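All remarks here apply to the structure that follows.
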Amino acid sequence: MKILVIGSGGCEHALVWKLAQSPKASKIFCAPGNAGTAQIAENINIAAEDILSLRDFALHNRIDLTVVGPEAPLVTGIVDEFESNGLKIFGPNKKASLIEGSKVFAKNIMKKYNIPTADFLTFTKEEEALRFIKEAGAPLVVKADGLAAGKGVIVCKTEDEAKKAVSKMLKEKEFGEAGSEIIIEERLEGEEVSVLCFTDGKTIVPMASAQDHKRVNDNDEGPNTGGMGAYSPAPVLTDDILKQAEREILRPTISGLEAEGHPYKGILYVGLMLTRNGPKVLEYNARFGDPETQCILPRMKTDLLEAIEKTINCQLSTLKLEWDPRPAVCVVLASGGYPGTYKKGYEIKGLEKARQLEEVIIFHAGTSEKDGKAVTSGGRVLGVVGIGETIRHAIDRSYLAIKLIHFENMHYRKDIGRKALKLK
Ligand code: AMP
């Protein structure tokens with residue numbers, strides 16, 4: 001089978017890496033890819049958002065299956081465009097992707113179908129939002145409705161912070177159209193965990209759990225990022241809590257979307273807060289999560305291509321996922337300054353040596369090739385995955401590999417996985 005993977009992040013490198021292990025995969029293209037995907041696939045210089053060029057590429061090259069990594073092309077309708085041209089593609093269509101593309105849409109689905117989530121109100125007018133903040137008091141969470149590359153959520157400890165967040169979105173239009181409607185919601189407390197599932201719109205098959213680290217600095221300090229590290233499994237998600245989440249959250253989400261006329265097929269990612277009153281939804285994603293995928297896929301023994309085909313063909317009731325019981329930890333190496341401004345183009349040294357370590361996998365994210373060398377080209381540069389008999393061992397493998405890698409202004413968290421150790 002000829003496969004096209006769309007995207008250029010660490011998640012897409014992990015997808016290409018896993019798909020390449022399938023006996024049915026004869027050739028893999030990645031658009032646009034990174035220096036890591038270039039080693040196992042053929043990178044194609046087409047942006048992930050350029051849906052029409054991607055469609056033409058898939059038609060001309062007789063691609064048998066396209067797998068979409070990032071959210072932007074899903075939300076703009078790549079699945080609809082490919083399917084109407086007879087091309088097989090993995091992911092939800094434009095309407096179903098609204099579950100990630102519009103937080104207001106997602107919250108309204110949750111409200112209508114009694115899916116536990118933070119209490120919320122929506123606003124388009126600054127004065128009304130400010131008035132509500134004064135009445136409600138802090139803490140509060142302010143969210144832009146549309147896609148904002150993981151930066152559209154501001155957790156506010158004080159009323160002042162909440163007012164600033166509102167002005168940023170509704171007055172200064174920092175997120176453009178994506179912030180023209182906002183949500184203000186209660187701040188939930190508890191442990192966060194991510195549950196990713198395959199779903200064909202009827203059957204839901206959850207993958208191994210994972211826990212992300214969103215804040216840029218150790219001890220969960222500093223601004224939110226796309227994710228600075230993850231580990232799988234997340235011991236905090238017990239079998240009982242997973243069952244509760246399936247019953248109260250996953251099933252009603254999929255059946256609610258179907259009832260609304262938006263049947264959902266693909267990966268449903270649910271970010272949960274495990275509160276004292278049970279699991280509650282923080283967010284939905286319409287795709288594999290980054291960096292969770294980098295530590296989930298190395299643990300998946302099942303052929304990913306088989307799982308994807310069964311999803312597309314509505315045969316998920318026959319899928320049984322098998323897992324390596326050993327934990328995996330992914331530590332993200334970022335450009336200093338991320339998630340704010342940062343410089344690019346620094347040579348990445350030590351990759352070859354680090355790659356030779358056993359129980360270590362290095363996934364590229366913001367990297368590109370220059371004169372045969374890997375250089376930094378994005379905020380999150382690499383995901384270094386360690387695998388071990390215990391979570392402690394997995395953490396040690398990852399940090400051992402990191403010691404060998406260097407680029408100018410490299411920043412990473414030193415505490416990835418520490419929470420899981422406490423729970424052991
Ligand atoms: P989201 O993109 O909605 O998941 O938000 C990004 C991050 O903001 C989450 O992973 C949480 O750490 C935090 N967050 C979002 N909503 C809430 C909430 N209601 N209460 C507490 N933290 C939240």
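Counting starts at 1 for both ligands and their atoms, following the listed order. Please read these numbers as outputs of a predicted model, since none were measured by experiment.
Ring orientation note: the planes of Phe198 and Phe288 are nearly perpendicular, at an angle over 60° on the 30°/60° scale. Ring planes of His213 and Tyr231: perpendicular class, angle over 60° (limits at 30 and 60°). Under the 30°/60° scheme for interplanar angles, the aromatic rings of Phe363 and Trp17 are found to stand perpendicular. Ring geometry for Tyr399 versus Tyr412: interplanar angle of 30 to 60°, hence tilted.
Exactly one of Glu174, Glu126, Glu172 qualifies for a side chain to side chain donor-acceptor pair (under 3.5 Å) with Ser167. That residue is Glu126.
Under a 3.5 Å cut-off, the side chain of Asp80 and the backbone N or O of Lys94 do form a donor-acceptor pair.
Using a 4.0 Å heavy-atom criterion, the residues that approach ligand 1 are Lys103, Ala118, Val141, Lys143, Val153, Val155, Glu185, Glu186, Arg187, Leu188, Glu192, Lys214, Asn224, Met273, Leu282, Glu283.
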